[in-house]
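First the structure, in the form of structure tokens, and then the observations on it.
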Amino acid sequence: MRKIEAIIRPTKVQEVKDALEDAGFESMTITEVKGRGKQKGVLQQWRGQKYCVDLLPKVKIELVVPVEKTDAVIEIIMKHAKTGSIGDGKIFIYPVEKIIRIRTGETDGDAL
Amino acid sequence: MRKIEAIIRPTKVQEVKDALEDAGFESMTITEVKGRGKQKGVLQQWRGQKYCVDLLPKVKIELVVPVEKTDAVIEIIMKHAKTGSIGDGKIFIYPVEKIIRIRTGETDGDAL
Amino acid sequence: MRKIEAIIRPTKVQEVKDALEDAGFESMTITEVKGRGKQKGVLQQWRGQKYCVDLLPKVKIELVVPVEKTDAVIEIIMKHAKTGSIGDGKIFIYPVEKIIRIRTGETDGDAL
Amino acid sequence: METMCKMKNLRNSGQNLLLLGIILMMLILPVSAATPEENAKAIADVQTALTVLWLILCGAIVFLMHAGFSLVEIGLTRVKNTTNILMKNFMTISLGVVVYWAVGWAIMYGADYAGIIGIDQFFMSGADNAIWTSWWFQMVFAATGATIVSGAMAERTSFKAYLIYTVLMVGLIYPVFGHWVWSGAGILTSGPIVDAIGIGYHDFAGSSVVHMIGGFSALAGVLLVGPRIGKFRRGKPVVIPGHSLPLAFLGTLILAFGWVGFNGGSTLDGNDPYIGLVIANTFLAAGAGAIMVLLITWMKTGKPDPSLTANGMLAGLVAITASCGSVASWAAVVIGLIAGIIVYVGVMFNEYTLKLDDPVGAIAVHGYSGAWGILSVGIFAIGQGNGIFADAAYTAAGAGLLYGGYQQFMVQVVGLILAIIWAFSISFIIFKVLDAVMGLRVPEEDEIAGLDIKEHGISAYPEFVLAKE
Amino acid sequence: METMCKMKNLRNSGQNLLLLGIILMMLILPVSAATPEENAKAIADVQTALTVLWLILCGAIVFLMHAGFSLVEIGLTRVKNTTNILMKNFMTISLGVVVYWAVGWAIMYGADYAGIIGIDQFFMSGADNAIWTSWWFQMVFAATGATIVSGAMAERTSFKAYLIYTVLMVGLIYPVFGHWVWSGAGILTSGPIVDAIGIGYHDFAGSSVVHMIGGFSALAGVLLVGPRIGKFRRGKPVVIPGHSLPLAFLGTLILAFGWVGFNGGSTLDGNDPYIGLVIANTFLAAGAGAIMVLLITWMKTGKPDPSLTANGMLAGLVAITASCGSVASWAAVVIGLIAGIIVYVGVMFNEYTLKLDDPVGAIAVHGYSGAWGILSVGIFAIGQGNGIFADAAYTAAGAGLLYGGYQQFMVQVVGLILAIIWAFSISFIIFKVLDAVMGLRVPEEDEIAGLDIKEHGISAYPEFVLAKE
Amino acid sequence: METMCKMKNLRNSGQNLLLLGIILMMLILPVSAATPEENAKAIADVQTALTVLWLILCGAIVFLMHAGFSLVEIGLTRVKNTTNILMKNFMTISLGVVVYWAVGWAIMYGADYAGIIGIDQFFMSGADNAIWTSWWFQMVFAATGATIVSGAMAERTSFKAYLIYTVLMVGLIYPVFGHWVWSGAGILTSGPIVDAIGIGYHDFAGSSVVHMIGGFSALAGVLLVGPRIGKFRRGKPVVIPGHSLPLAFLGTLILAFGWVGFNGGSTLDGNDPYIGLVIANTFLAAGAGAIMVLLITWMKTGKPDPSLTANGMLAGLVAITASCGSVASWAAVVIGLIAGIIVYVGVMFNEYTLKLDDPVGAIAVHGYSGAWGILSVGIFAIGQGNGIFADAAYTAAGAGLLYGGYQQFMVQVVGLILAIIWAFSISFIIFKVLDAVMGLRVPEEDEIAGLDIKEHGISAYPEFVLAKE
Ligand SMILES: Nc1ncnc2c1ncn2[C@@H]1O[C@H](COP(=O)(O)OP(=O)(O)O)[C@@H](O)[C@H]1O
Ligand SMILES: Nc1ncnc2c1ncn2[C@@H]1O[C@H](COP(=O)(O)OP(=O)(O)O)[C@@H](O)[C@H]1O
Ligand SMILES: Nc1ncnc2c1ncn2[C@@H]1O[C@H](COP(=O)(O)OP(=O)(O)O)[C@@H](O)[C@H]1O
């Protein structure tokens, strides 16, 4: 199994989520994060002075899926999270050793 | 070493935390997340119209522990996070390569 | 590639962030978390009664970097996140299987 | 000389309390040898002073309604546009006070031209001292109309275009209709229309002058600016919850408090013996409006809806604004209950049938309930000289339908139609022109990011972690 | 005819400013040939008008206290029940106005039956115009009692059961006791009790009528509904912090502001020469209460406690409510300081000894400090005709213990006991019945999830990320 | 006997409405055989009552400003110090009421010693009943000065040191300068200075007495306490955004509402015929101040700045406070516009040139704009007996520079200098001593963690997830 962790734009969450659902990937965990990358921060202003907020709000979507489905999920995310401008975010893939469903005690494949 | 990542119900955090502490697992990191799985969202309503919030608040508990203690931790979480209804959440186990305690520079086992 | 996950004090974020940037590590993702470890909680008080908040606010910094840069990043974080008192936090290193940049589709090394 | 000089200095000091003490002493001691004429003069002065205090304090209470509007509007909209809405409301009253001083008053209460418009007293020129109290009370009303529009068009309207519209609302749209109704020389209280029907139009404190004008101007604005991105998906309305019910409720209660000044002050006379009834009617309608919406939403969805219930109270208040000085207390309850129905149906009608996006329900609350208020005069008014309002100076002249009169109802219908036509068409034109000249709506990108960062560079709650849509 | 018609039209227009201008002019011009009798009549009218304005404005200020109560209550409780509390407070005043109109006033001020209850004027039938001002001022008081109960029972009580209770509070519980004390014909100011002791009960603005009734009804409710889940662990109280100190403090200051109307208006006379002292006493006690709790918590825990200090100001205000028109200013300070002690000890006593769960401290603030206020009259009252209150119409008749009187103290004790018995037992019965019929408490699952989502379908701050317990 | 007893009991009951009804009846019935002398006495009583009501209500409105100050201050500062700021403001008024009762009034309005200080009436001893209304109105002003200081020194000042300072502010700093200006016997309205210049100093409602004293005391405090950690990096100011613009704007609007009481009440006479103009001038300046800052920040940065625009309204209000009873309405607009410029330039000057850290802009708003207000009297005053203020008791005696006078301007300059010297030097000394004795500033660790947890053990919003710096 793999964990797919995608850092995407907040404005794309709805679309990505819907697309994943349509493709049968209903389960996921979402976290509000802030990030920095190629994208420079936004210039804000307070009491007439400008300042740079270099951490931009992003959303982290995590899905744990069987190895064979990894590419399908990546593709969906790529397609729906993309705007083409800097700041679209990244997808990281991690190995997962084991999964347990708390409710039933099922493990691994059965737990997904 | 392993990272144990459990996504559980917010209402069960206190109990799980206490149980882990009693068993000597004091160290952990906790994050507010939102999730979706088998559990369908809640129906909410605004100005007389219903709408579905399909991401439910969950809490992610992360503990990094030596390999041999993994099962003990899983058992404790299973026991205390379980209600038996859909939405109890899941536990994911990841490999960890290295741990460093910032304060002392100790690594791996010593850092836990 | 490796994911470097550092749990540090909120008050040290700015400094660590600046130091990483100076060393060329601009990209990172940051999450507000709460943690518990050696550091006991803070005693708070409400309506004349004391109570212990045992989860302290911490900040999780995540950077995915090529294997060879891991040590450099660890060193920088160690240096700037350290106060020497309990609660400085920890650094965890995880293996990463794959990276994709959503905007371009570049993978792995190119995506960093 | 020394003493004289001292006295003079004493008078110079703004808050001379010793002097005040002396004056109070003197007032308490019997004043010798007052003639009846002197007494009558003194009494008249006191009566005037009472009216001044009443209007100043009622005006102050109405002023605070701008805080109430701000809170209701931000409470029912999203975090990312909060600063923008705060600024719009804040500048509405800031511009309002200056514009109503420069232009608005003149157009509303200046010398009448053809029953249509006032044409002198610009910059309050020629204002003698006595007029300022009236100006203050009228001014705080004037800025309200624009605020109503601000709420309905929130979350997507350009700040600059809104400010220009506000100047025109306070300087032109509101005072023109106000002239027709409240100047005493306008087409709705004198001239051919009134002669034909035989009775003048009655809008006690502004169900039409303030609320319908605001509400139907908002209708024009909402039509032109279009719904917020994502509000309708495949023709069906999508829920976009607000961000703070505590602020929305605080705002609603501040508005209700403000209605004491709004309706109470509209007696325009601190010696008026009917103020108590005016206030009682006002709050009976308010309570009834809230109760009705509570019950409707409870029955319809199984859960009593907070923001609509708050709207229900406002609807009751808006409706009774025209009729509070003309009806019996039971009628006030009925008017409020019906206002509750109207605001609920109106909100649903706007969303489902007209596909309009009015985040705070301003069109239903102010426009539709305001119209109901105008009609309610023609239905429930007891009529001048009858019963409880035997010697009330300001009650509706004619009896309502329920009491066998029909003229009052007829003239109310005429006024109602005029209010809708005027507010809608002039605002439609203005918004059209603004759209052509500078764009009425912010760019899509700004709307998605939120107007706070884009228009003002700062979010409303910079330290709080927010859930992204 | 033309002119006549014009004049008539002018009178029709609600806010005829031109006319107002003319009237003002006329008032300023010397009025010729007024007789002393006409003048006396005019003076009497002005005096009445002054009282009307005073009561309308004080009532408005008291109305705003409902916003204050809402804010204090939500500020000291958890996010997940915020909308529910807002709705409860909002419906309390909404229902309150209608119920007090239909029933409450009749029971409180209708024709007396046996000193126990009023029995006519339902739906304000027979109300002549002059009564509405009094009704307004009394009405805003009436809804307050239920609001107190709402705070103490927050976060676990069924919305429906609470609403029904509110109707009974405003329509029965409050007005019955109010009849005993304020109708002039009730058992505490006339009849056998008073004849036996020789002096009537004194509660100036409602330490007992409003606050003790609310506070001891809350005690019954809290006993029956039980503590919130998790409030006591192994018999020891667990801290459950509130969610917004800014709103709690804003609410407290709005309440303090409201007390100007509460106590000031209770002079019931805009011509009263002691209003200044009433207000000064009120705020001296308020400040003293806050200072005392600040010092106690600072000494006890090393840190001055915010929410208890805010409670301290309210305790001072509640206590002085009975005595503000009867004591010297130094006594007001002492009453406030002691109220601070009482509220601190009371909160601790409730939590540690009685194991009661009162999230906002309502029982201590309103019940216990209210009782102290009633006693304080019997201790510190200067007594009618003495010293500073030489000609005050409303001061306590008897001198307090400190001035050698004992009758006033005795009758205060009697009234205090009656207030506790009445409020506690009637509320206990009502809550018992409600519990049997529909359940007083929400299901455990709803309580854990929060009443906002479960009872109203929406959380109070939908966009903010919240830390889960 | 029975009847007598009943009557007595009736009088005992705090809120005897039946009795009230009877009294109202009696007032309405023609009173037979009143003599002109009796009428004159009754009229005088009504005039006094009108002033009492006016001052009580205006005082209440000013009291609410403490909520406004709290909200503005917390809104413009960080979450982690919110509870601390709330407590500081709350204790400022709580201590203020007691200290002004014990000491402040005596020093301000006690028997004059050498034009410098009052020396009797401590603890209001010898106060007769009539004085309490004045005391109330003066008291609510007194606590304001300290609140201003609280804002400027927010986020790093020790709670204990602040409380002690507050006691000295209300008990000494404010009343001494107040004595000079408003006691009627002070050095700025009588004695050598005034004799030399020929005209007394004029500060209608406290541009100097309240605002400059607060602002320049704040300057001393800010200098001594130093900037917040991280405010200046390598000598350049770093942005530290506040945490809640909704609360900041609500606070600003509550403050503006408060100014109705502040300036309106400062007429000190409910029969005053110029109240309307005073209020109109006040709000014209307020609107103009906001508009000017909106435009400046829009032009300078491309985005209209919310918190500075809110400051702009306050600057307009502070400036017009001295001159609202002495200038024409167009002048009020000009004074407000210039106040807007001053507050913008002042904020920038403090940050960039003086390197001062004043999180809420209190020094610019209250100190600098207050000074402009004092000068504006000397420039725009029409002068006593001229034009619109023909018979105003309290207007500035001399004509301003624009009307050819120069004496008024001269004495204003003298007063302005005295205000700065007094406020700055006495506060500097007190803060120095406090720093030596107990430390003016919290430990670095506490400041980083936030004063809420460290000084009060609890954060302001315990359930919200906050983004850490
Ligand atoms: N190496 C990295 N480690 C951790 N997070 C990263 C890394 N690179 C990018 N991110 C996350 O992805 C987000 C988008 O990256 P950015 O470089 O701005 O856009 P793009 O990938 O389109 O060039 C960042 O804000 C950050 O949260
Ligand atoms: N495959 C997955 N990847 C990531 N998160 C998951 C996955 N499956 C479940 N979760 C998380 O676990 C939570 C509970 O899962 P759910 O399926 O609703 O309950 P249950 O495991 O009891 O059937 C979800 O809300 C989500 O946050
Ligand atoms: N084994 C662990 N698993 C997960 N998180 C941990 C672990 N150990 C420490 N942490 C995180 O690191 C933070 C700091 O740890 P702590 O033990 O208090 O400090 P120190 O490392 O200086 O002794 C904790 O609050 C927690 O968030």
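Lettering of chains follows the sequences in order, A, B, ..., and the numbering in each one begins at 1. Note that the structure is predicted; figures quoted are calculated from it, not measured.
Taken to the nearest 0.5 Å, the CG atom of F:L245 stands 9.0 Å off from the OG1 atom of D:T82. In this structure, the separation between CD1 on D:I93 and CG on F:L253 is 8.5 Å, given to the nearest 0.5 Å. Here the CE-CE distance, from D:M91 to F:M313, works out to 7.5 Å after rounding to the nearest 0.5 Å. For the atom pair CD1 of D:I43 and CG of F:N39, the computed distance is 6.0 Å after rounding to the nearest 0.5 Å. If you take CG on D:L55 and CD1 on F:I275, they are separated by 11.5 Å, rounding to the nearest 0.5 Å. Here the CZ atom belonging to F:F249 is positioned 14.5 Å from the NE2 atom belonging to D:H66, to the nearest 0.5 angstrom.
Looking at F:I61, only its side chain comes within 4.5 Å of chain D, counting heavy atoms on both sides. Using a 4.5 Å cut-off between heavy atoms, D:L250 touches chain F through its side chain atoms alone. Only the backbone of D:S459 comes within contact range of chain F, with at least one heavy atom under 4.5 Å from a heavy atom of that chain. With a 4.5 angstrom heavy-atom cutoff, F:L294 touches chain D only via side-chain atoms. Heavy-atom distances place both the backbone and the side chain of D:L50 under 4.5 Å from chain F. In this structure, chain D has heavy atoms under 4.5 Å from both the backbone and the side chain of F:V79. Only the side chain of F:T252 comes within contact range of chain D, judged by heavy atoms closer than 4.5 Å.
D:V98 approaches F:G287 most closely through the heavy-atom pair CG2-C, 4.3 Å. Closest approach of D:W101 and F:S329 over heavy atoms only: NE1-OG, 3.0 Å. Heavy atoms only, all atoms of each residue included: D:A460 and F:P246 are closest at O-CD, 3.7 Å. Closest approach of D:S94 to F:I291, counting heavy atoms only: O-CD1, 3.7 Å. The shortest heavy-atom contact between D:I56 and F:G276 is CD1-CA, 3.8 Å. For the pair F:A40 and D:A34, the tightest heavy-atom approach, listed with the atom from each and the gap, is CB-CB, 3.6 Å.
No side-chain donor-acceptor contact under 3.5 Å links D:D45 to the backbone of F:N271. Judged purely by atom type and a 3.5 angstrom limit, D:H456 has no side-chain atom pairing as donor or acceptor with the backbone of F:D305. Under the 3.5 Å distance criterion, the side-chain polar atoms of D:E463 are left unmatched by any main-chain donor or acceptor of F:A467.
Put simply, of D:I74, D:L247, D:L57, D:L71, the one with the most heavy-atom pairs under 4.5 Å next to chain F is D:L57. With respect to chain F, the highest number of heavy-atom pairs below 4.5 Å among D:A60, D:A67, D:A42 belongs to D:A60. For chain D, the option among F:G289, F:P241, F:G312, F:G270 with the highest count of heavy-atom pairs below 4.5 Å is F:G270. Per-residue counts of heavy-atom pairs under 4.5 Å with chain D were compared for F:A248, F:A286, F:G242; the largest is that of F:G242. Your options are F:G261, F:A288, F:A310, F:G316, and the one with the most heavy-atom pairs under 4.5 Å with chain D is F:A310. Among D:N84, D:V46, D:L53, the residue with the largest count of heavy-atom pairs under 4.5 Å with chain F is D:L53. Contacts with chain D were tallied for F:A322, F:P304, F:G325, F:A280; F:P304 has the most, counting heavy-atom pairs under 4.5 Å. Looking only at heavy-atom pairs under 4.5 Å with chain F, the residue among D:I85, D:T133, D:L86 that has the most is D:L86.
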Inset, instruction - Please step through side-chain contact (heavy atoms from CB on, under 4.5 Å) for the pair F:V465 and D:F464, ending with a clear verdict. - result: CA-CA 6 Å; F:V465 175; D:F464 290 85; over 6 Å; no
Inset, instruction - Just do the side-chain contact (heavy atoms from CB on, under 4.5 Å) check on D:W136 and F:V260 with the steps written out, would you? - result: CA-CA 11 Å; D:W136 160 247; F:V260 175; 4.0 Å; yes
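Residues F:I279 and D:W132 form no side-chain contact, since every pair of their non-hydrogen atoms from C-beta on lies 4.5 Å or further apart.
Residues D:F63 and F:F257 place their aromatic rings such that the two centres sit no closer than 6.0 Å. Here the two rings, on D:F123 and F:W330, have centers that are 6.0 Å apart or farther. Aromatic ring centroids of D:W135 and F:F283 lie 6.0 Å or more apart.
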